[in-house]
**Q** 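One structure follows; several queries about it will come next.
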Protein chains: 2
Amino acid sequence: MNPVNVLIIDDEEDMRNLVQMYLENSGFHCVHASDGAEGLKKMQEQDFDLVILDIMMPFEDGFAVCSKIRTLSQVPIILLSAKGEEWDKVRGLQLGGDDYIVKPFSPGELVARIHALLRRTSVIKNEEDAITLGKINIDKKGRKVHVEGENVPLTLKEFELLVFLVEHRGQALSREQLLEFVWGMDYHGSLRTVDTHIKTLRMKLGTGDYIQTIWGVGYKFEVPAT
Amino acid sequence: MNPVNVLIIDDEEDMRNLVQMYLENSGFHCVHASDGAEGLKKMQEQDFDLVILDIMMPFEDGFAVCSKIRTLSQVPIILLSAKGEEWDKVRGLQLGGDDYIVKPFSPGELVARIHALLRRTSVIKNEEDAITLGKINIDKKGRKVHVEGENVPLTLKEFELLVFLVEHRGQALSREQLLEFVWGMDYHGSLRTVDTHIKTLRMKLGTGDYIQTIWGVGYKFEVPAT
DNA sequence: CTAATTTGTGATAATTCTATGAAATTGAAA
DNA sequence: TTTCAATTTCATAGAATTATCACAAATTAG
């Protein structure tokens, strides 16, 4: 899963940081620009999946920047403005803005709009919240796992390990890989730790042989042939 | 899950059949109309979850039909057009269309847009005034909560926290998320604050175990299985 | 078959996280 | 300003989770 790159163009540093904080919490990667010229320069250096553009800026306003961006790229643009007038909205959309948010906005609204826009422009890969594999059902948002309809409580690490295995099902994963991705790259504990958690996972998932040992390599999740 | 009913209004029979084929493959149920008048008639006979409306039609164009539908209902509308001009897009959206697809479109795009739109509008529909979950009844407009018919006075933060949890029921929410969305994006207080309010909420909601602790993650609202 | 290597297991120590009550602070109403 | 409820912070006990170790079991190679 590659990150979604967002370019934030706003003259106010506080607003840039605020937006960045929200987006990064939602898994986006952000780059700043304090005016249109800088923004356009960054766009030539790097590809972005989304631009968030303030309308009210000194020197060159957002409408002008929006038009210029459109001559370069079809990247989705979200316009920010303190003005709520319909006139501005229409003008922004006519100039190629894809959506329009009026300040002050809630973090939820911003993120929801971004997701909707990316979905519309089909940048984002539709990540599933729930998945069923054999007798196992995993609800990622709800952090619940059911086996044959029965709720099976998993601890934090067990759940994360299972999700990682499932998201890479069919692949043999080394203990080092599992430690790196599930525990974190800064973790340098014993490889035995993985074994222990695999053990309890196997136990909790019941008979089904979902997690296979690849001798000398590591582990692999696979739905056994019926 | 009851089927999603879609009304397709298009003068070209081929296009109606094509769209129908796409949608029925994705589990939607379709009804046809060949012009605006017929479409409006069908809407009076039956409730639809979505309308797909062609803009280019003889007699009465899609914009006119869109406006008329809006006088009847807030049903989500997707506009279809062969014209890609921005002007149309803006006009359609102003007239109450919820999304806009330019022909020719791929089946995948159509279905993805429909799903996105239904998701978006169900969020809006979600802003109901009152909701009952288990023994709990929440009156958002009146800012009142009843448990087993008994009025339970909640303070401001308690109420907002409960509403947010309820609107995201089934999802594990981190303390950071709760602080951001309930307390506001500029709030940077202690995470323990959340714990405290969860505690009083649990106490006031009585036995029922609605708010679960997701160890290492945060909290989750869920109506316990009976 | 035997030795070498890798993996599984259970117990326990160490760590991390949460619940809780009380104190401190804030804020709104009187 | 005073008062009082609401909100936030803080400290800590206790609960839950996790890491590690030692050894048993299993697998592979020679």
Side-chain angles (χ1 to χ4, degrees), chain A residues 143-145 151-165 171-222, chain B residues 143-145 151-165 171-222:
Chain A
R143 294 200 154 245
K144 271 196 308 192
V145 172
N151 183 42
V152 174
L154 296 186
T155 68
L156 177 67
K157 281 286 183 288
E158 286 160 12
F159 186 83
E160 292 183 342
L161 178 59
L162 176 61
V163 167
F164 187 79
L165 286 167
Q171 300 175 38
L173 301 162
S174 70
R175 290 175 177 73
E176 286 85 353
Q177 280 179 294
L178 294 170
L179 276 179
E180 186 178 337
F181 288 95
V182 178
W183 274 257
M185 49 185 141
D186 51 336
Y187 183 84
H188 289 100
S190 155
L191 295 181
R192 295 311 38 214
T193 299
V194 180
D195 300 40
T196 301
H197 285 271
I198 290 285
K199 189 198 83 174
T200 58
L201 257 186
R202 281 173 167 160
M203 195 246 293
K204 289 188 178 182
L205 297 181
T207 57
D209 208 25
Y210 296 98
I211 302 173
Q212 297 175 22
T213 300
I214 312 296
W215 215 88
V217 180
Y219 299 98
K220 177 173 74 164
F221 186 99
E222 208 162 48
Chain B
R143 297 202 145 244
K144 276 196 299 196
V145 173
N151 183 42
V152 174
L154 295 186
T155 68
L156 176 67
K157 280 285 183 290
E158 287 160 11
F159 186 82
E160 292 185 343
L161 177 58
L162 177 61
V163 166
F164 188 79
L165 285 167
Q171 295 180 41
L173 302 163
S174 70
R175 290 175 176 73
E176 286 85 352
Q177 280 179 295
L178 294 170
L179 276 180
E180 278 191 20
F181 286 88
V182 177
W183 274 256
M185 49 177 161
D186 51 340
Y187 184 84
H188 285 100
S190 155
L191 296 180
R192 298 290 102 197
T193 299
V194 180
D195 300 40
T196 300
H197 286 268
I198 291 284
K199 194 195 82 173
T200 58
L201 258 185
R202 280 172 168 163
M203 196 245 293
K204 290 189 178 182
L205 296 181
T207 57
D209 206 26
Y210 296 98
I211 303 173
Q212 296 178 21
T213 300
I214 311 295
W215 215 89
V217 180
Y219 298 99
K220 176 173 74 166
F221 187 98
E222 207 163 49

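Only a predicted model underlies this, so the values are computations on that prediction, with no experimental measurement involved. A, B, ... follow the sequence lines: proteins, then strands. Residue 1 opens every chain.
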**Q** A:Ser190 side chain: which of D:dT17, C:dA19, D:dT20 is closest?
**A** D:dT20

**Q** When you compare the protein's N or O atoms with those of nucleotides 27-30 of chain D, which come within less than 3.5 Å of each other, and at what distance?
**A**
none

**Q** Would you say A:Val182 and A:Val163 make side-chain contact, with heavy atoms under 4.5 Å?
**A** no

**Q** Would you say A:Tyr219 places a side-chain N or O within less than 4.0 Å of OP1 or OP2 belonging to C:dT6?
**A** no

**Q** Kindly write out the residues that satisfy salt bridge (Lys or Arg N to Asp or Glu O under 4.0 Å) with A:Asp209, not counting sequence neighbours, or none if the list is empty.
**A** none

**Q** Could you list the residues that satisfy side-chain hydrogen bond (donor to acceptor under 3.5 Å, both in side chains) with B:Lys157, not counting sequence neighbours?
**A** none

**Q** Could you grab the distance from atom CG of A:Leu173 to atom CD of A:Glu180, nearest 0.5 Å is fine?
**A** 11.5 Å

**Q** Taking distance alone, no hydrogens or angles, what donor-acceptor pairs closer than 3.5 Å link side-chain atoms of residues 213-221 of chain B to residues at least two apart or in another chain?
**A**
from, atom 1, to, atom 2, distance (Å)
B:Thr213, OG1, B:Arg202, NH2, 2.7
B:Tyr219, OH, B:Arg175, NH2, 3.0
B:Lys220, NZ, A:Gly142, O, 2.8

**Q** Any side-chain N or O of A:Trp183 below 4.0 angstrom from OP1/OP2 of D:dT18?
**A**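 It does not, given that no N or O in the side chain of A:Trp183 lies less than 4.0 Å from OP1 or OP2 of D:dT18.
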
**Q** To the nearest Å, give me how far apart NZ (A:Lys157) and C1' (D:dT20) are.
**A**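 It works out to 15 Å between those atoms.
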
**Q** How long is the span from the CG atom in A:Leu165 to the CD1 atom in A:Ile211, to the nearest 0.5 Å?
**A**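 Result: 5.5 Å between the selected atoms.
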
**Q** Taking side-chain hydrogen bond (donor to acceptor under 3.5 Å, both in side chains) as the test, write out the residues that go with A:Lys199, two or more places apart.
**A** none

**Q** I need the A:Leu201 CG to A:Tyr210 OH distance, nearest 0.5 Å.
**A** 12.5 Å

**Q** Going by heavy atoms closer than 4.0 Å, what residues in residues 192-204 of chain B are next to DNA chain C?
**A** B:Arg192, B:Asp195, B:Lys199, B:Arg202

**Q** Would you list the protein and nucleotides 25-30 of chain C atom pairs, both N or O, that sit under 3.5 Å from each other?
**A**
none

**Q** Please tell me if the side chains of A:Leu154 and A:Leu161 come closer than 4.5 Å, counting only heavy atoms from C-beta onward.
**A** no

**Q** Could you tell me how far apart B:Leu161 (CG) and D:dT7 (C1') are, to the nearest whole angstrom?
**A**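 Spelled out: CG on B:Leu161 to C1' on D:dT7 is 13 Å.
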
**Q** Taking ring-ring contact (aromatic ring centres under 6.0 Å, His included) as the definition, give me every residue that meets it alongside A:Phe159, ordered by chain and number, with sequence neighbours left out.
**A**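 In terms of ring-ring contact (aromatic ring centres under 6.0 Å, His included), with neighbours along the sequence ignored, A:Phe159 is linked to no residue.
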
**Q** Nearest-Å distance, CD1 (B:Ile211) to P (C:dA19)?
**A**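 These atoms are roughly 10 Å apart.
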
**Q** Starting at CD of B:Glu158 and ending at P of D:dA6, how long is that distance when rounded to a whole Å?
**A**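 So the CD-P distance, B:Glu158 to D:dA6, works out to 8 Å.
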
**Q** Just to verify, what does B:Thr196 make a side chain to side chain contact (heavy atoms under 4.5 Å, CB included) with, not counting sequence neighbours?
**A** none

**Q** Can you sort out the partners of B:Ser190 under side chain to side chain contact (heavy atoms under 4.5 Å, CB included), two or more places apart, ordered by chain and number?
**A**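 B:Ser190: side chain to side chain contact (heavy atoms under 4.5 Å, CB included) contacts with B:Arg192, B:Thr193.
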
**Q** Could you give the distance from CD (B:Gln171) to CD (B:Glu222), rounded to the nearest 0.5 Å?
**A** 11.0 Å

**Q** Measuring to OP1 and OP2 of C:dT6, would you say a side-chain N or O of A:Thr213 lies under 4.0 angstrom away?
**A**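 Answer is no, no contact under 4.0 Å.
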
**Q** Starting at CG of B:Leu156 and ending at C1' of D:dC4, how long is that distance when rounded to a whole Å?
**A** 17 Å

**Q** Using C1' atoms of five pairs at each end, report the bend of the helix from C:dC1-D:dG30 to C:dA30-D:dT1 rounded to 10 degrees.
**A** 40°

**Q** Rounded to whole Å, how long is the line connecting atom CG of B:Leu179 with atom C1' of D:dT8?
**A**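 Computing the B:Leu179:CG to D:dT8:C1' distance gives 11 Å.
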
**Q** Classify the nucleic acid contact of A:Phe159 as base, sugar-phosphate or nothing, counting any heavy atom under 4.0 Å across all strands shown.
**A**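 The residue A:Phe159 makes no contact with any strand.
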
**Q** Please enumerate all residues that pass side-chain hydrogen bond (donor to acceptor under 3.5 Å, both in side chains) together with B:Glu158, with sequence neighbours excluded.
**A**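 Residues passing side-chain hydrogen bond (donor to acceptor under 3.5 Å, both in side chains) with B:Glu158: B:Thr155, B:Thr200, B:Lys204.
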
**Q** How do B:Gly218 and A:Ile214 order along DNA chain C: which one's closest nucleotide is nearer the 5' end?
**A** A:Ile214

**Q** From CD of A:Glu160 over to P of C:dC17, roughly how many Å is that when rounded to an integer?
**A**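 Taking CD of A:Glu160 and P of C:dC17, I get 11 Å after rounding.
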
